[in-house]
Amino acid sequence: MKQARYYIKTGKQTIRCTLCPHSCLLIPGDTGRCRVRHNHEGTLFTRSYGVVSGFGIDPIEKKPLYHYFPGSRILSVGSYGCNLRCLWCQNAHISQCGIDRQPEEKKSPAEALESASNSGGIGLAYTYNEPVVFFEWMMETARLVNDAGLKNVVVTNGYINPEPLAEWLELCHAFNVDLKSFSDEFYRKYTTGSIQPVLNTLAAIAGSGLHLEITFLVIAGMNDNARDFEKMVQWIANTLGTDVVLHINRYFPSWRLNVPATPINVMQRLEDVARKYLQRVYLGNVPHGYRSS
Ligand code: SF4
């Protein structure tokens, strides 16, 4: 365990984590909703510091980032835990389980930098599970990667408070942010989060001029209402810019959600709507013949 950042004392041994909008209030022995930040005798520790769940070189398009050094490769790293609990999580085996039951492979920030430098890729992508919840290790590593002239890429749900987000924006170069719906009710019902912090994160990234791509996973019958989707892409165009890249990804049954895979015609209907407002729209998780260009 390593002492965490971003928390305040609210009592003799009671603390509130301020890293993400959940603001977990923790008495000694408690672990936050993310399952990795833990109150030990009145101090907040991160239990996942340097604990690696996956480490591998990928095409940058797999993040997905289609307009950031296209054709390049990037080393990807992830850990355990998540601050959301989406019913369809495709990485629930690492995001939704306690760290105690995981085999521990550890890497220091210096070791991660060395691997990134030797990988032949453009840098390091923080992905697989939610990078917000391994913030301390990520930021220490990102500083080394940045100083070495390599790139930091973040794949995130965007559920982070403004102060740590400002640190991200200083050291990271490109982001793919999940936007799961344009409805706060949807966020609260199916993810345990809320939408406004995610919108704030998107606006801050776009406002900083960093590279931003958005992924929207379409689940038929749950977030494919054409009017709501149109409001969402209008907001993206008006607030973030018409050149922000939108990936419309197809849902397949996963973890605790077992509704049928999203039909291709639903994807195409939303793609048509998005193209009215945005210049760069792609379908993902679809057979090759359907891929947008
Ligand atoms: S990062 Fe974890 S402990 Fe901190 S507020 Fe978010 S869910 Fe709670």
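Throughout, residue positions are numbered sequentially from 1 according to the sequence presented.
- Applying the salt bridge (charged side-chain N to carboxylate O under 4.0 Å, His left out) rule to K231 yields no partners; only residues at least two apart in sequence or on another chain are considered.
- Using a 4.5 Å heavy-atom threshold, the side chains of Y251 and W88 count as touching.
- R16 places no side-chain N or O within 3.5 Å of a backbone atom of I8 that could act as its donor or acceptor partner.
- The closest donor-acceptor contact from the side chain of T239 to the backbone of I236 lies at 3.5 Å or more, if one exists at all.
- The main-chain N or O of G11 is never found under 3.5 Å from a side-chain atom of T14 such that the two would form a donor-acceptor pair.
- Side-chain atoms of T201 and I160, non-hydrogen and from C-beta on, do get closer than 4.5 Å to each other.
- The shortest side-chain heavy-atom distance between L75 and F55 falls under the 4.5 Å cut-off.
- The closest donor-acceptor contact from the side chain of D30 to the backbone of N39 lies at 3.5 Å or more, if one exists at all.
- With no hydrogens or angles considered, a side-chain donor-acceptor pair links Y277 and Q234 at under 3.5 Å.
- In this structure R143 satisfies the salt bridge (charged side-chain N to carboxylate O under 4.0 Å, His left out) test with no other residue, sequence neighbours excluded.
- Side chain of R73 to backbone of I60: no donor-acceptor contact under 3.5 angstrom is found.
- Contacts of P263 classified as side-chain contact (heavy atoms from CB on, under 4.5 Å), with partners at least two apart in sequence or in another chain: A220, N265, V266.
- One distance of note links CZ of R85 with CZ of R33; it measures 10.5 Å at 0.5 Å rounding.
- Looking at N285, its side chain never comes within 3.5 Å of a backbone N or O of N249 through a donor-acceptor pair.
- With hydrophobic clusters built from ILVMFWY side chains whose heavy atoms lie under 4.5 angstrom apart, V281 shares a cluster with V233.
- Listed by chain and residue number, nothing satisfies the salt bridge (charged side-chain N to carboxylate O under 4.0 Å, His left out) test with K9 (two or more places apart in sequence, or in another chain).
- A donor atom on one side chain and an acceptor atom on the other are found under 3.5 Å apart for N146 and H173.
- Rounding to the nearest 0.5 angstrom, the gap separating the NZ atom in K180 from the CD1 atom in I219 is 9.0 Å.
- Within the 3.5 Å criterion, the main-chain N or O of V218 finds no donor-acceptor partner in the side chain of N223.
- Salt bridge E140/K2: present, at least one basic N to carboxylate O contact under 4.0 Å.
- For W168 and F175, the distance between ring centers is under 6.0 angstrom.
- Contact annotation: the side chain of T215 never approaches that of V177 to less than 4.5 Å [non-hydrogen atoms, C-beta and beyond].
- Few gaps surround CD on Q3; more than 12 heavy atoms of other groups in view lie less than 6.0 Å from it.
- For the residue pair N200/Q196, the side-chain donor-acceptor check at 3.5 Å is satisfied.
- From E136, atom CD reaches atom OG1 of T141 across 11.0 Å, with rounding to the nearest 0.5 Å.
- E111 CD: more than 12 foreign heavy atoms inside a 6.0 Å radius.
- Applying the ring pair (Phe, Tyr, Trp, His ring centres under 6.0 Å) test to residues at least two apart or on different chains, the pairs with a partner in residues 1-28 are Y6-F135, H22-Y159.
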Steps toward side chain to side chain contact (heavy atoms under 4.5 Å, CB included) verdict (C86, L257): CA-CA 9 Å; C86 308; L257 191 66; over 6 Å; no
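- Remark: F229 engages F216 in a ring-ring contact (aromatic ring centres under 6.0 Å, His included) (not counting sequence neighbours).
- The side-chain heavy atoms of F252 and T262, taken from C-beta on, include no pair separated by under 4.5 Å.
- Between the side chain of W137 and the backbone N or O of K107 there is at least one donor-acceptor pair closer than 3.5 Å.
- A donor atom on one side chain and an acceptor atom on the other are found under 3.5 Å apart for K63 and S76.
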Full working for side chain to side chain donor-acceptor pair (under 3.5 Å) between E130 and N83: CA-CA 7 Å; E130 175 51 52; N83 53 350; 5.8 Å; no
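- Between V51 and Y49 there is no side-chain heavy-atom pair separated by less than 4.5 Å.
- You'll find the side chain of L19 reaches within 4.5 Å of the side chain of R37, heavy atoms only.
- Each of L179, T156, D184, L84 was scored for a side-chain contact (heavy atoms from CB on, under 4.5 Å) with V198, with one residue passing: L179.
- Proximity of the aromatic rings of Y68 and H211 is defined here by a centroid distance below 6.0 angstrom, and this criterion is met.
- Using a cutoff of 4.0 Å between basic side-chain nitrogens and carboxylate oxygens, K12 and E41 are not scored as salt-bridged.
- To the nearest 0.5 Å, atom CG of residue N225 and atom CE of residue M232 are 11.5 Å apart.
- Between F186 and D228, every side-chain heavy-atom pair lies at or beyond the 4.5 Å cut-off.
- Within the 3.5 Å criterion, the main-chain N or O of G78 finds a donor-acceptor partner in the side chain of S53.
- With rounding to the nearest 0.5 Å, the separation of CG in L210 from SG in C172 is 8.5 Å.
- The hydrophobic clustering, which links ILVMFWY residues whose side-chain heavy atoms are closer than 4.5 Å, places F182 and I205 together.
- Remark: side-chain polar atoms of N129 are paired, donor with acceptor, to backbone N or O of S79 under 3.5 angstrom.
- No side-chain donor-acceptor contact under 3.5 Å links N91 and Y128.
- Here the straight-line distance linking atom CG of L217 with atom CG of D224 works out to 11.0 Å at 0.5 Å rounding.
- S254 and Q90 share no side-chain donor-acceptor pair at under 3.5 Å.
- Screening R280, H247, H67 for a side chain to side chain donor-acceptor pair (under 3.5 Å) involving E213 leaves a single residue, H247.
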